[in-house]
Asks: 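To start, I am sharing the structure in question, which I have written as structure tokens.
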Number of protein chains: 2
Amino acid sequence: MLDETLIAIADPTRRAILSRLAEGEARVTDVARPFAISLNSVSKHIRMLERAKLVRRRIEGREHFLALTPAPLDEAADWIAEQKTLWAWRLGELEKALKDG
Amino acid sequence: MLDETLIAIADPTRRAILSRLAEGEARVTDVARPFAISLNSVSKHIRMLERAKLVRRRIEGREHFLALTPAPLDEAADWIAEQKTLWAWRLGELEKALKDG
DNA sequence: CTGATATTCACCCTTAGAGGTGAATATGTT
DNA sequence: AACATATTCACCTCTAAGGGTGAATATCAG
């Protein structure tokens, strides 16, 4: 899952879409409006965000309402936090080694 | 920069390389050993990590020693944290609206 | 029924990523 | 000099991503 989450947020268009959805639910057309690219391209980005479970779709007639489901971001945040912890720990060990030596 | 950082950590092989380097400096060959893929492929992954400034290389004779430089991870962590904050804020607003309504 | 709106489907093209192999380069060892 | 080690370079293949267009589908409004 982490892979798809990170791939999903690695694209600036998709990050912009997520930021837009952080303001609230929106239709595909609404989400697409600010972008210079075609509606179809935005639709594809949304599909990738759905695949990564970062976005949920509620269909009401011909309109598709999109909403954020940010849970997968936690896994990404956790990985980064763990890396930083390990790194900090190693720096601590290095310091100890330097002090002892 | 954020783009390259996220793309860099979106690949599981590269995340494994970073985890290895979190234990300490290592040569290209050392980093490559645990992987089933060719040394050359690992070399390419390392180049991407360097491009993202997540890894620094110190050349000593014929050996290239690699070390983690995790600073760019902060930017990624910040983006995720901001998204979660915005989302939490919006949930708060929703609750308020529900209570008032 | 007709026409407009919302979205996707089915294609196309181009680029980048991830993998491979074999040769080249540079350094160390004997 | 000859050989081994460490790494990259130059190429090839395959797949997926990101963009596009035009048609299809589904719904809503008249």
Side-chain angles (χ1 to χ4, degrees), chain A residues 1-21 24-69 72 76 79, chain B residues 1-21 24-69 72 76 79:
Chain A
M1 281 295 315
L2 182 53
D3 281 53
E4 273 170 351
T5 303
L6 289 170
I7 290 172
I9 66 176
D11 182 89
T13 301
R14 283 194 290 269
R15 283 201 303 280
I17 291 173
L18 291 176
S19 292
R20 168 66 183 80
L21 291 178
E25 252 191 3
R27 298 175 308 154
V28 173
T29 308
D30 299 331
V31 167
R33 188 156 311 138
F35 297 102
I37 64 178
S38 75
L39 178 65
N40 202 348
S41 287
V42 174
S43 174
K44 287 178 196 171
H45 281 303
I46 292 168
R47 204 183 325 143
M48 290 193 69
L49 291 170
E50 284 185 281
R51 196 180 357 156
K53 304 233 189 326
L54 284 165
V55 160
R56 157 180 56 81
R57 181 190 306 248
R58 174 173 55 85
I59 300 177
E60 216 166 88
R62 61 183 163 177
E63 293 168 305
H64 295 206
F65 290 92
L66 307 167
L68 228 118
T69 52
W79 184 85
Chain B
M1 283 295 315
L2 182 51
D3 281 54
E4 274 171 351
T5 303
L6 288 170
I7 290 172
I9 66 175
D11 182 87
T13 300
R14 284 193 289 270
R15 283 200 304 281
I17 292 174
L18 292 176
S19 292
R20 167 66 183 81
L21 291 179
E25 250 191 7
R27 299 173 309 154
V28 174
T29 308
D30 299 331
V31 167
R33 187 155 313 132
F35 297 103
I37 63 178
S38 74
L39 179 66
N40 201 348
S41 286
V42 174
S43 174
K44 287 178 198 170
H45 282 302
I46 292 168
R47 205 185 322 144
M48 290 193 69
L49 291 170
E50 284 185 283
R51 198 184 350 162
K53 304 233 191 323
L54 285 164
V55 160
R56 157 179 57 80
R57 179 188 307 247
R58 174 173 56 84
I59 299 177
E60 215 166 273
R62 61 182 165 178
E63 294 169 304
H64 295 208
F65 289 93
L66 307 168
L68 215 90
T69 52
W79 185 85

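When reading the values below, keep in mind they use all heavy atoms of this one structure, side chains included, and skip hydrogens, waters and symmetry mates. Order of the sequence lines fixes the chain letters, A, B, ..., with proteins taken first and strands second; residue numbering starts at 1 for each chain. The model shown is predicted, which means the values in this text are computed figures rather than measured ones.
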Asks: With sequence neighbours excluded, tell me which residues meet side-chain contact (heavy atoms from CB on, under 4.5 Å) with Ala26(B).
Replies: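 With neighbours one apart ignored, the set is Arg20(B), Leu21(B), Asp30(B), Val31(B).
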Asks: Rounded off to whole Å, could you give me the CZ-to-P distance for the Arg33(A) and dA6(C) pair?
Replies: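 Arg33(A) atom CZ is separated from dA6(C) atom P by 8 Å.
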Asks: With sequence neighbours left out, write down each residue that passes salt bridge (charged side-chain N to carboxylate O under 4.0 Å, His left out) with Arg15(B), or none if nothing qualifies.
Replies: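 For Arg15(B), the residues satisfying salt bridge (charged side-chain N to carboxylate O under 4.0 Å, His left out) (neighbours in sequence not counted) are Asp3(A).
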Asks: Starting at atom CG of Leu6(A), determine the distance to atom C1' of dA17(D), rounded to an integer number of angstrom.
Replies: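 Nearest whole value for this atom pair: 16 Å.
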Asks: Tell me the interatomic distance from Arg58(A), atom CZ, to dA6(C), atom C1', rounded to whole angstroms.
Replies: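 So the CZ-C1' distance, Arg58(A) to dA6(C), works out to 15 Å.
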Asks: Do the side chain of Arg62(B) and the base of dT7(D) come within less than 3.5 angstrom through a donor-acceptor pair of N or O atoms?
Replies: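 Flag unset: no donor-acceptor pair detected.
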Asks: Can you list, in residue-number order, the parts of residues 49-56 of chain A that come under 4.0 Å of DNA chain D, counting heavy atoms only?
Replies: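 The stretch gives Arg51(A) as the residues lying under 4.0 Å from the strand, ordered by number.
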Asks: Tell me whether Arg58(A) contacts the main-chain N or O of Ala67(A) through its side chain, where contact means a donor paired with an acceptor under 3.5 Å.
Replies: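 A pair under 3.5 Å: no.
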Asks: Please compare Ala10(A) and Gly61(A) by the position of their nearest nucleotide in DNA chain D and report the one closer to 5'.
Replies: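 It is Ala10(A), whose closest nucleotide lies nearer the 5' terminus.
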Asks: For residues 35-47 of chain A, which residue pairs qualify under salt bridge (Lys or Arg N to Asp or Glu O under 4.0 Å), counting only residues two or more places apart or in two chains?
Replies: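 Residue pairs passing salt bridge (Lys or Arg N to Asp or Glu O under 4.0 Å), neighbours aside: none found.
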Asks: Return yes if some donor-acceptor pair links the side-chain N/O of Arg27(A) with the main-chain N/O of Glu63(A) below 3.5 Å, else return no.
Replies: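 No; judged by distance alone, with no hydrogens or angles, the pair does not exist.
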Asks: Using the side-chain heavy atoms of Glu63(B), tell me which of these nucleotides is nearest: dT27(D), dA6(D), dG17(C).
Replies: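 Closest nucleotide among those given: dA6(D).
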Asks: What residues, two or more places apart in sequence or in another chain, satisfy side chain to side chain donor-acceptor pair (under 3.5 Å) together with Thr29(B)?
Replies: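 Checked Thr29(B) against side chain to side chain donor-acceptor pair (under 3.5 Å); zero matches.
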Asks: Distance check: side-chain N/O of Arg14(A) vs OP1/OP2 of dA17(D), anything under 4.0 Å?
Replies: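 It does not, given that no N or O in the side chain of Arg14(A) lies less than 4.0 Å from OP1 or OP2 of dA17(D).
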Asks: Distances under 3.5 Å only, N/O to N/O: pair up the protein atoms with those of nucleotides 19-24 of chain C.
Replies:
| unit_1 | atom_1 | unit_2 | atom_2 | d |
| --- | --- | --- | --- | --- |
| dG19(C) | OP2 | His45(B) | NE2 | 2.4 |
| dG19(C) | O6 | Lys44(B) | NZ | 3.0 |
| dG20(C) | OP1 | Ser38(B) | N | 3.4 |
| dG20(C) | OP2 | Ser38(B) | N | 2.7 |
| dG20(C) | OP2 | Ser38(B) | OG | 2.9 |
| dG20(C) | OP2 | Ser41(B) | OG | 2.9 |
| dG20(C) | O6 | Lys44(B) | NZ | 2.6 |
| dT21(C) | O4 | Asn40(B) | ND2 | 2.4 |
| dG22(C) | O6 | Asn40(B) | ND2 | 3.3 |

Asks: Using the test side-chain contact (heavy atoms from CB on, under 4.5 Å), find all partners of Arg62(B) that sit at least two apart in sequence or belong to another chain.
Replies: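 Listed in chain order: nothing, the list is empty.
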Asks: My understanding is that only residues two or more places apart in sequence, or in another chain, count here; which of them pass side-chain contact (heavy atoms from CB on, under 4.5 Å) with Thr69(B)?
Replies: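 So Thr69(B) forms a side-chain contact (heavy atoms from CB on, under 4.5 Å) with Arg56(B).
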Asks: I need the CD1-P distance between Ile46(A) and dA6(C), as an integer number of Å.
Replies: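 Interatomic distance, CD1 of Ile46(A) to P of dA6(C): 14 Å.
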Asks: Please state how far atom CZ in Arg47(A) lies from atom P in dG18(D), giving the value in whole angstrom units.
Replies: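 So the CZ-P distance, Arg47(A) to dG18(D), works out to 12 Å.
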Asks: Using a cut-off of less than 4.0 Å, is there contact between a side-chain N or O of Arg27(B) and OP1 or OP2 of dA6(D)?
Replies: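 Checking dA6(D) against Arg27(B), a side-chain N or O does come within under 4.0 Å of OP1 or OP2.
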Asks: Mind calculating the distance between NE2 (His64(A)) and C1' (dT25(D)) to the nearest angstrom?
Replies: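 Answer to the nearest Å: 10 Å.
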Asks: What is the distance from CD1 of Ile7(A) to P of dA17(D), rounded to the nearest Å?
Replies: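 Rounding to the nearest Å, CD1 of Ile7(A) and P of dA17(D) are 7 Å apart.
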Asks: Without decimals, in angstroms, what is the distance between Asp3(B) CG and dA17(D) P?
Replies: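 The distance from CG of Asp3(B) to P of dA17(D) comes to 16 Å, rounded to the nearest Å.
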Asks: Who passes side-chain contact (heavy atoms from CB on, under 4.5 Å) against Ser38(A), sequence neighbours left out?
Replies: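 With neighbours one apart ignored, the set is Asn40(A), Ser41(A).
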